[in-house]
Every structure is written in structure tokens, then in C-alpha cells.
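Data block below; observations after.
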Amino acid sequence: MRSTSHRRAAAAGALSAVAALLAVAVQAGPASADDPWTSAPKAQKLGNVDPGALAAKLTPAQRAELLRDANATKADTAKDLGLGLGAKEKLVVRDVVKDRDGTVHTRYERTYDGLPVLGGDLVVESAKSGETEAVTKASKEQLKGIDLSADIKASAAEKQALGAAKAAGSKKTDANRAPRKVVWMAKGEPTLAYETVVGGLQHDGTPNELHVITDAATGKKLFQWQGIENGTGNTQYSGQVTVGSVQSGSSYNLTDSGRGNHKTYNLNHSTSGSGTLFSGPDDIWGNGQASNLETAGADAAYGAQLTWDYYKNVHGRSGIRGDGVGASSRVHYGNNYVNAFWQDSCFCMTYGDGSGNSKPLTSIDVAAHEMTHGVTSATGNMTYSGESGGLNEATSDIFAAAVEFNANNAQDKGDYLVGEKIDINGDGSPLRYMDKPSKDGGSKDSWYSGIGNIDVHYSSGVANHFYYMLSEGSGKKEINGVQYDSPTSDGLPVTGIGRDKASLIWFKALTTKFTTTTKYADARNGTLAAAGELYGTTSAEYKAVANAWAAVNVGSRPGGEEPGTSFENTTDVNIPDNGAAVTSSVNVTGRTGNAPTNLKVGVDIVHTWRGDLKVDLVAPDGSVYLLKAASGSDSADNVKETYTVNASSEVANGTWKLRVQDVAAQDTGYINSWKVTFP
């Protein structure tokens with residue numbers, strides 16, 4: 001039978017749904033329903049943006065042509081970048097983004113002697129002329145002189161990985177595939193290692209894809225991260241809406257032919273397999289009640305539809321990978337499963353039915369959150385662990401809010417709350433708050449040196465808070481009937497630039513600046529670079545990005561604005577390359593009692609590779625407070641940060657020192673200035 005495309009109504013009740021279907025069909029028309037390219041996108045408040053810096057709306061065929069061009073020239077690109085000086089190192093084209101002015105951002109991964117290099121990804125920015133203008137690397141290390149002989153067996157690596165999964169509470173634990181040899185360079189010097197992916201189920205029933213990296217020479221576990229990226233959201237329905245379906249003969253199925261053939265499946269409480277494609281004899285899905293299995297399917301399909309349209313109409317991206325191919329959604333996962341997740345291996349979003357199987361997690365913001373994990377995986381691909389994992393998770397919250405506002409659905413108005421209607425807490429409170437993340441009891445409002453050690457759903461609070469303030473500003477306000485009150489870590493106000501501009505800046509940074517190892521300092525640099533390209537480095541938007549980051553304790557404000565009393569040293573101090581520590585001192589006088597719990601330490605260090613630097617604050621009595629640890633994956637220049645230190649056990653008056661040591665060779669710099677500020 002020939003298949004015909006339709007729009008189907010997701011009904012609140014059978015009779016009213018039939019009426020709504022007829023009315024919507026007349027008003028919407030087939031063009032806007034099935035071809036978002038032909039419909040006018042919602043007005044975006046982008047201000048005086050440089051149109052040339054916006055992403056071009058590439059068709060899948062145009063994107064494929066750019067990928068072919070990049071593949072044809074990747075050997076020359078490697079040579080131009082000083083890579084592949086031997087025959088062992090090669091580039092692998094992963095993604096491409098083109099700006100309207102002709103600038104092309106090509107994302108590469110690398111191989112060494114045929115082995116995948118984890119943490120070796122990079123983004124090359126090329127002008128319309130083809131000349132390389134900038135390169136963003138996940139690691140500065142060079143791929144050379146790597147011992148490719150493994151001293152331990154793959155079976156030992158597998159045993160270690162299985163043990164790590166079991167220690168984390170995994171059930172039905174097994175290895176998804178035999179350990180593979182890789183070169184690990186995400187955390188310093190490139191090392192031959194094994195990567196083992198452990199399957200089974202996590203402690204809460206979520207599928208397990210635990211990646212464990214084992215040193216092939218010593219058997220030491222080097223790193224691990226979870227491949228399943230999960231979240232949660234509201235389960236309320238969006239009223240009577242239209243969703244994409246296909247008719248085949250006398251039957252209909254939940255396939256959206258206008259959006260890459262996105263399909264919605266019923267797992268019927270299973271935890272494996274694809275499930276069964278929703279199908280039926282009529283063109284009406286669900287009745288608005290959780291007891292009807294089609295209702296969750298309609299919600300999931302509608303959320304995926306809105307997210308697809310947002311990325312395509314607002315950012316010019318055709319589908320998750322930009323190739324016009326739709327993912328799939330699976331609903332009714334497990335029993336009483338209170339979560340939802342994105343999975344690369346099935347290219348799909350999966351939703352549980354919530355507590356008592358009565359509140360499916362299939363709202364607009366959940367669908368947008370999970371689908372955005374797919375977009376992140378195809379672009380910046382920030383590793384789902386540590387600070388990069390927090391940025392990954394925050395990216396999904398950020399675009400969940402953007403999609404929800406863009407949808408303008410009367411039943412589910414846009415807000416800066418996550419999971420506000422699912423009632424996971426049992427008291428009607430949201431799961432997360434973007435204006436003040438700490439209100440959930442676990443998320444963090446601002447950056448601190450140990451934030452990479454907590455769960456990514458909590459460390460994400462820093463970027464969520466940044467995005468909210470960049471969009472709306474600090475302080476009290478009401479938006480769509482919701483009250484917000486956003487504080488700043490430095491006590492200074494932030495003026496927002498609007499959600500559309502904030503979302504555009506984050507999207508450009510995600511797709512052209514972020515890498516697998518991006519941390520918060522890198523995210524600040526990336527969003528500033530994106531804002532500079534879009535609005536100029538002297539623009540109000542550029543300054544607002546810096547101010548919003550400073551307000552969550554990442555970097556400082558333009559002009560060095562700080563409330564309180566500051567003591568500063570502006571004398572340059574050279575930092576020996578791979579040498580002894582050096583200090584710069586300030587003498588604090590006129591204070592009474594002890595230093596505060598929120599002593600601000602502003603650091604301005606000029607250096608060609610900040611990852612080499614260990615930075616400490618030394619109190620008058622010699623007590624040491626670590627501000628920044630050295631890290632081989634901290635791949636950026638300079639240290640321009642404001643750190644918050646609980647120095648309440650220290651007498652305020654006396655000589656305070658900034659101590660800096662360069663612990664690795666090849667890069668140089670100096671302390672430009674630093675200061676301590678007593679609020």
C-alpha cells in the first residue's frame with residue numbers, strides 16, 4: 001500500500017478530539033504541518049546581530065556535500081595543523097556547521113595507528129577562502145611516541161570494568177562488547193588504554209552504558225563515564241494538538257514523515273528492544289488519561305515535533321545530526337520508572353511512566369531535554385562526567401526552556417523550571433530551578449573548585465543559572481505567572497539580554513567552540529567568542545555574557561567591578577616554565593577580626609596553557625587554599641577567574657600571597673595582577 005501523510009489529533013476526549021481534528025486541519029494546512037521549512041519561523045528577538053555569523057540553514061544534501069569536501073581534504077588539513085607528521089595520525093570528519101558569511105566549522109576526531117583517540121577531538125574554523133582562522137582542541141598534547149604494546153590482557157580490563165559497574169549498583173551486569181584498544185588523551189599525556197562498555201541495568205533500572213578506561217600498561221583505571229544521558233520533566237498534557245502520522249491502507253501509525261520519519265513506540269513496560277510502533281484504525285491518539293497507552297505516545301511525539309521545529313526554524317539544524325534523519329521515542333519503559341533518557345546506541349528518547357505508572361514523563365520540556373542530549377552528542381559531545389558533564393546536562397535544560405517558550409502552548413507555558421508538574425518530590429515543587437538552582441537542595445548556584453566532583457545534574461546548576469541571568473537578569477521578576485528571584489555570587493546585578501539572544505549564543509558555542517573536555521572556564525571563553533562573532537566584542541551582549549559568568553563565579557566582570565574593599569598587586573611576576581613556584585603578595589590592613597566566608601580572590605594570569613598551572617592562596621599564617629589544580633585537559637590560555645574562598649578561620653590583616661607553579665614544559669607566562677576583595 002502507498003503511505004499517505006496525515007496530521008493526527010491527540011485528544012483530551014474522543015468526541016471533542018474529532019471536532020478539534022477537523023478545525024486544526026483547516027487552519028494549519030498540510031504545508032506548515034509537514035514542511036517546517038515552508039512555514040515562517042517565530043519572530044526571534046536577536047537585536048543587532050551580525051547576520052553573517054548566524055548558522056546557515058543547510059539542507060541534508062548541502063551538509064553531506066560539506067562533509068564530502070572535508071573528507072577529501074582532511075589529509076591536507078592535518079598537515080596544515082601540524083598533525084599527522086608521521087603516517088600514524090589521521091583525522092576523522094565528525095560534523096560540519098556553516099555560517100551565512102561562508103565560515104565553516106569542521107569538527108574532527110583523530111586516530112593513531114588505526115586506534116580511536118579519545119579526547120583528541122578538535123574544531124577547525126575556516127574562512128570562505130578556505131584559510132584556517134582558529135582551532136579549538138580538546139587536548140594540547142601531541143600524538144607521538146606512544147607505546148602500542150599492551151602489558152595487560154583485555155580480559156583484565158573487562159574484569160575491572162565489570163567490578164566498577166557492580167560497585168555502582170548495576171544489575172544484570174555484562175560487557176556490551178569486548179574491550180577495544182584506544183589512545184586516551186582526555187586527561188593528559190596520550191596513553192594506550194582499553195575502553196570497556198558495561199551493559200545491563202543501573203541501580204534504578206536505567207539501561208547501563210558505563211565506559212571504563214583502563215591503562216593497558218599498568219591496569220590502572222584511568223576514567224569512567226556513563227553513556228546513558230538521563231533527566232526528568234513534567235507529565236501534564238499539552239491539550240489538543242496535532243502530531244505527525246502516516247496512513248497505510250486502513251491503518252495509521254505514529255510516524256512523522258515531515259520530520260525525518262520520527263517514530264514513536266510502545267515498550268509496554270519492557271526494558272529492552274524497540275517495542276511496538278503505535279498504530280490503530282483511526283486518526284485519533286489517546287484520550288488525555290495515563291490509563292490509555294496512546295496518550296503518552298502522543299505527548300512524546302508532540303514534544304519531539306516541537307523540538308525538531310525549534311532547532312530547524314530557529315537555528316537552521318535539520319534534525320539531531322543535521323542530516324534530516326529523525327530519531328525515535330519509546331514510552332512505557334519499565335514499571336514505576338521515574339526518569340527519561342537519551343541513548344546514542346538506539347538514537348532514541350525513552351520515557352518511564354512515573355510513580356504508580358500514572359505520570360508518564362512525556363512533556364514538552366522532557367522531550368526537548370532528551371532530544372538535546374542527542375544534539376550535544378552530535379556536536380560538542382561534552383563527556384558526561386565532571387564539569388563537562390554538568391555543561392552537557394545544563395545544555396539540555398537550557399534548550400528545554402527555549403523549546404517550551406518557543407512552543408507557546410497555552411496548557412504548558414514557558415518557564416525556567418524543570419519538572420514543575422511531575423511532582424516527583426510529592427509537594428508540587430519543581431525538580432530544578434534555573435533562577436536559583438540551590439533551591440532544589442542539591443544543585444549549585446555558582447562555580448567552585450570541587451564542582452566537577454558532584455553529580456552532573458547538580459553541577460549543571462552553574463550553567464543553568466548563567467543562562468537564566470543572561471536571558472532575564474538578576475533579582476525579582478514575574479514571567480508567565482511564575483515568580484523568580486535570582487542572586488549573584490559577587491553581589492552585583494546582571495541585566496539580561498533576552499532569551500532568544502542567550503539561546504543563540506549558547507547554540508553557536510555548543511556547535512562551534514565546545515569539545516569533549518570543555519569545562520566552565522572554557523564555556524565562558526566559548527560563549528564570549530560566540531557573542532563576539534554575533535554582536536561584536538564591544539557590544540552590550542558581549543559584556544552581558546561576561547557579567548553573567550562573573551555572577552556565577554566564573555571569571556571576572558569587564559572593568560574589574562567588585563563590591564567591597566580590595567587589595568591588589570599589579571606587578572608582573574614571571575612564572576618559570578616547569579619550574580619552582582613563585583608568589584605575589586598583598587598587604588591587608590585596616591580590617592577587624594577574621595576574613596569572611598566569601599573572600600573573593602581575583603586572578604589575572606597571562607599564560608599560553610593554563611592547564612600547566614597550579615594556583616594557591618596562602619594566608620598570613622601560611623595556610624594554603626587551592627584555587628586551581630593543574631590539569632592536562634584544561635585546554636585554554638590564561639587564568640582570569642574570581643575564586644571564592646571560605647577564609648573565616650584566618651585573621652584578615654597581614655600578608656596574603658598568590659602562589660603559582662608551572663608543572664609542565666613548553667608553555668610560559670606571568671602573573672599580570674591579582675587581588676583579594678572583602679565584601
Side-chain angles (χ1 to χ4, degrees), residues 42-45 231-239 241 299-300 302-307 309-311 314 340 351 354 359-373 393-443 445 457-458 460-487 494 496-504 506-507 548 552:
K42 296 182 184 296
Q44 296 291 303
K45 299 177 181 178
T232 185
N234 92 53
T235 61
Q236 297 299 309
Y237 307 108
S238 302
V241 299
D299 276 333
Y302 180 60
Q305 164 186 312
L306 292 174
T307 308
D309 289 356
Y310 170 78
Y311 279 113
V314 175
Y351 306 91
K359 295 180 178 179
L361 282 77
T362 49
S363 66
I364 295 171
D365 60 351
V366 173
H369 179 107
E370 302 309 336
M371 200 161 166
T372 295
H373 274 309
E393 187 64 21
T395 297
S396 283
D397 282 349
I398 285 168
F399 287 115
V403 170
E404 194 175 65
F405 274 103
N406 190 67
N408 197 28
N409 183 281
Q411 302 294 321
D412 188 4
K413 294 181 179 180
D415 54 51
Y416 294 97
L417 308 173
V418 181
E420 70 274 9
K421 297 181 179 179
I422 190 174
D423 198 22
I424 284 181
N425 298 322
D427 58 5
S429 62
L431 183 64
R432 290 194 286 274
Y433 305 78
M434 300 183 81
D435 66 317
K436 188 178 181 182
S438 61
K439 286 195 292 187
D440 67 15
S443 294
D445 294 337
H457 294 87
Y458 297 144
S460 63
V462 180
N464 282 345
H465 196 190
F466 160 81
Y467 173 77
Y468 172 83
M469 285 195 288
L470 184 61
S471 298
E472 306 293 348
S474 59
K476 295 182 178 181
K477 52 183 55 68
E478 179 179 317
I479 304 167
N480 282 347
V482 179
Q483 300 291 329
Y484 300 98
D485 190 359
S486 192
V494 171
I497 61 175
R499 184 176 50 259
D500 293 337
K501 290 181 181 179
S503 302
L504 177 65
W506 193 269
F507 181 80
V552 295

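Computed from a predicted model, the values in this text were never measured in an experiment.
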Within a strict 4.5 Å, meaning less than it, do heavy atoms of the [X] and [Y] side chains meet?
| X | Y | value |
| --- | --- | --- |
| Glu393 | Arg432 | yes |
| Ser438 | Asp445 | yes |
| Thr395 | Thr372 | yes |
| His373 | Ser396 | yes |
| Ser443 | Tyr458 | yes |

So, [X] and [Y]: side-chain donor and acceptor under 3.5 Å apart, yes or no?
| X | Y | value |
| --- | --- | --- |
| Tyr467 | Ser503 | yes |
| Tyr302 | Asn409 | yes |
| Asp415 | Asn480 | no |
| Asp435 | His465 | no |

**Request:** Please report the C-alpha distance between Phe399 and Tyr311 in whole Å, then the side-chain angles of each, then the deciding distance to 0.1 Å, and finally whether the ring-ring contact (aromatic ring centres under 6.0 Å, His included) criterion is met.
**Result:** CA-CA 9 Å; Phe399 287 115; Tyr311 279 113; 5.6 Å; yes
**Side-chain donor/acceptor of Lys477 to backbone N/O of Glu472, under 3.5 Å** =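 Yes, Lys477 side chain to Glu472 backbone: donor-acceptor pair under 3.5 Å.
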**Prompt:** Under 3.5 Å, side chain of Asp500 to main-chain N/O of Lys45, donor-acceptor pair present?
**Reply:**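 Yes, the answer is positive, given that a donor and an acceptor are paired below the 3.5 Å cut-off.
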Considering all heavy atoms, the nearest [X]-[Y] contact:
| X | Y | value |
| --- | --- | --- |
| Ser486 | Gly473 | CB-O, 4.2 Å |
| Ala394 | Ala463 | CB-CB, 3.4 Å |
| Ala367 | Ala304 | CB-N, 3.9 Å |
| Met469 | Ser474 | SD-CB, 4.1 Å |

**Item:** Greater than 12 external heavy atoms within 6.0 Å of Lys436's NZ
**Value:**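 Atom NZ in Lys436 is not crowded, with 12 or fewer foreign heavy atoms closer than 6.0 Å.
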**Request:** Determine, stepwise, if the pair Lys501 / Leu470 fulfils side chain to side chain contact (heavy atoms under 4.5 Å, CB included).
**Result:** CA-CA 9 Å; Lys501 290 181 181 179; Leu470 184 61; over 6 Å; no
**Asked** Less than 6.0 Å separating the ring centroids of Tyr468 and Tyr484?
**Response**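 Ring centres of Tyr484 and Tyr468 closer than 6.0 Å.
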**Prompt:** Taking the six-membered ring for Trp, are Phe405 and Tyr416 ring centroids under 6.0 Å apart?
**Reply:**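 Ring centroids of Phe405 and Tyr416 are less than 6.0 Å from each other.
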How long is the straight-line distance from [atom2] of [Y] back to [atom1] of [X], given to the nearest 0.5 Å?
| X | Y | atom1 | atom2 | answer |
| --- | --- | --- | --- | --- |
| Ile364 | Gln411 | CD1 | CD | 10.0 Å |
| Glu404 | Asp412 | CD | CG | 4.5 Å |
| Glu478 | Asp485 | CD | CG | 13.0 Å |
| Thr307 | Asp365 | OG1 | CG | 9.5 Å |
| Glu370 | Leu361 | CD | CG | 9.0 Å |

**Prompt:** Yes or no on side chain to side chain contact (heavy atoms under 4.5 Å, CB included) for Met434 and Ile398, after CA distance, side-chain angles and deciding distance?
**Reply:** CA-CA 9 Å; Met434 300 183 81; Ile398 285 168; 4.1 Å; yes
**Request:** Evaluate side chain to side chain contact (heavy atoms under 4.5 Å, CB included) for Leu431 paired with Asp440, printing each intermediate quantity in order.
**Result:** CA-CA 7 Å; Leu431 183 64; Asp440 67 15; over 6 Å; no
**Asked** Step by step, would you call Leu306 with Asn406 a side chain to side chain contact (heavy atoms under 4.5 Å, CB included)?
**Response** CA-CA 8 Å; Leu306 292 174; Asn406 190 67; over 6 Å; no
